[in-house]
Asks: 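One structure is given below, represented as structure tokens, and several questions about it will come after.
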Amino acid sequence: MVTRSAQGPVRLLGQVIVVYAVVAISTVALLGILSATSPHLAPTDAWVHAIIIGVFAVVLPLRLRGVRSGKRGSLRAIGIISGVLVAVNVAEASIPGFVPTWMRVEMVAIALLLAISVVLVIRIATVGDNGAHGPITAERSRR
């Protein structure tokens, strides 16, 4: 169980992750449609990017379950994954001609969402009196 002071940020983190998952799944669906109707708007690089963000759309909610049960390792994993995805999406979006413009916009949107996730992870990790060690609970668990 998460401390009361961390419940709000954990709830918000969950909402951010759900929005990310919806964007990622929608991107894959849109690429499927574009592959059939306008293949030049769905290049191989776009598919590779979409599959990678799709995988993390599955991984992040699973890690969120751990955060909700007070596992600091799950929180750390979300922070690391989110931070790396921010950097990768910004880098890929800045490469001229790498992907179509619509996907560059999607990459920037994902980077912004996951930057919010990083801020929330930091907030959750530092809230309360746990000194950023051990579980994210009101009491330390016995080891």
Asks: Any idea which heavy atoms bring Ala50 and Thr27 closest together, and the distance?
Replies: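 In terms of heavy atoms, the two residues are closest at CB-CG2, 4.0 Å.
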Asks: Between Thr37 and Ile33 (side chain of the first, backbone of the second, donor and acceptor by atom type, cut-off under 3.5 Å), is there such a pair?
Replies: yes
Asks: Please round to the nearest 0.5 Å and tell me the distance separating atom CD of Gln15 and atom CD1 of Ile116.
Replies: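 Atom-to-atom, Gln15:CD and Ile116:CD1 are 11.5 Å apart.
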Asks: Is Val23 reachable from Val86 through a run of I, L, V, M, F, W or Y residues, each pair having side-chain heavy atoms under 4.5 Å apart?
Replies: yes
Asks: What pair of heavy atoms forms the shortest contact from Phe98 to Arg104, and how long is it?
Replies: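 Scanning both residues completely, I find the closest heavy atoms to be N-NH1, 4.5 Å.
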Asks: Please step through side-chain contact (heavy atoms from CB on, under 4.5 Å) for the pair Arg63 and Lys71, ending with a clear verdict.
Replies: CA-CA 9 Å; Arg63 288 298 178 170; Lys71 295 181 181 173; over 6 Å; no
Asks: Keeping the roles fixed (side chain from Trp102, backbone from Leu41), state whether a donor-acceptor pair exists under 3.5 Å.
Replies: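 Indeed, once roles are kept as given, a pair shorter than 3.5 Å links the two residues.
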Asks: Considering all heavy atoms of both residues, which atom of Pro100 and which atom of His40 are nearest to each other, and what is their separation?
Replies: CG-O, 4.4 Å
Asks: At what distance, to the nearest 0.5 angstrom, does CG of Leu112 lie from OG of Ser117?
Replies: 12.5 Å
Asks: Go through the steps to decide whether Glu92 and Val99 satisfy the test side-chain contact (heavy atoms from CB on, under 4.5 Å), and finish with yes or no.
Replies: CA-CA 8 Å; Glu92 287 182 343; Val99 291; over 6 Å; no
Asks: Determine the minimum heavy-atom distance between Val28 and Trp47, stating which atoms define it.
Replies: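 Of all heavy-atom pairs spanning Val28 and Trp47, the closest is O-CH2, 3.9 Å.
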Asks: Between Val10 and Arg68, is there a side-chain heavy-atom distance shorter than 4.5 Å?
Replies: yes
Asks: Indicate, with yes or no, if Val88 and Tyr20 share a hydrophobic cluster defined by side-chain heavy-atom contacts under 4.5 Å among Ile, Leu, Val, Met, Phe, Trp and Tyr.
Replies: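 Shared cluster, no.
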Asks: Take Val108 and Asn89 through the test side-chain contact (heavy atoms from CB on, under 4.5 Å) and record every step on the way to the result.
Replies: CA-CA 7 Å; Val108 170; Asn89 277 281; over 6 Å; no
Asks: Side chains of Met103 and Leu31: closer than 4.5 Å at any heavy-atom pair?
Replies: yes
Asks: Measuring from atom CD1 of Ile81 to atom CZ of Arg76, what distance do you get when rounded to the nearest 0.5 angstrom?
Replies: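 Atom-to-atom, Ile81:CD1 and Arg76:CZ are 12.5 Å apart.
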Asks: For residues Ile110 and Ile52: do they belong to one hydrophobic cluster (side chain heavy atoms under 4.5 Å, members Ile, Leu, Val, Met, Phe, Trp, Tyr)?
Replies: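 Shared cluster, yes.
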Asks: Rounded to the nearest 0.5 Å, how far apart are CD1 of Ile78 and CG of Leu85?
Replies: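 So the CD1 of Ile78 and the CG of Leu85 are separated by 12.0 Å.
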Asks: Is it true that a side-chain atom of Ser82 and a backbone atom of Gly79 form a donor plus acceptor pair closer than 3.5 Å?
Replies: no
Asks: Output the distance between atom CZ (Arg65) and atom CG (Leu60), rounded to the nearest 0.5 Å.
Replies: 14.0 Å
Asks: Tell me whether Leu12 shares a hydrophobic cluster with Val19, the cluster being built from Ile, Leu, Val, Met, Phe, Trp, Tyr side chains joined at under 4.5 Å.
Replies: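 In one cluster with Leu12: Val19, yes.
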Asks: Shared ILVMFWY cluster between Ile17 and Ile122, side chains joined below 4.5 angstrom?
Replies: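 The answer is no; the residues belong to distinct hydrophobic clusters.
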Asks: Can you name the nearest heavy-atom pair linking Ser94 to Ala91, along with the distance?
Replies: OG-O, 2.7 Å
Asks: Is there a side-chain contact between Ile53 and Glu106 in this structure, where contact means two heavy atoms from C-beta onward sitting under 4.5 Å apart?
Replies: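 Side chain of Ile53 against side chain of Glu106, heavy atoms only: contact under 4.5 Å found.
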Asks: Quick one: pull up CD1 in Ile51 and CZ in Phe56 and give me the separation to the nearest 0.5 Å.
Replies: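 Those atoms lie 13.0 Å apart.
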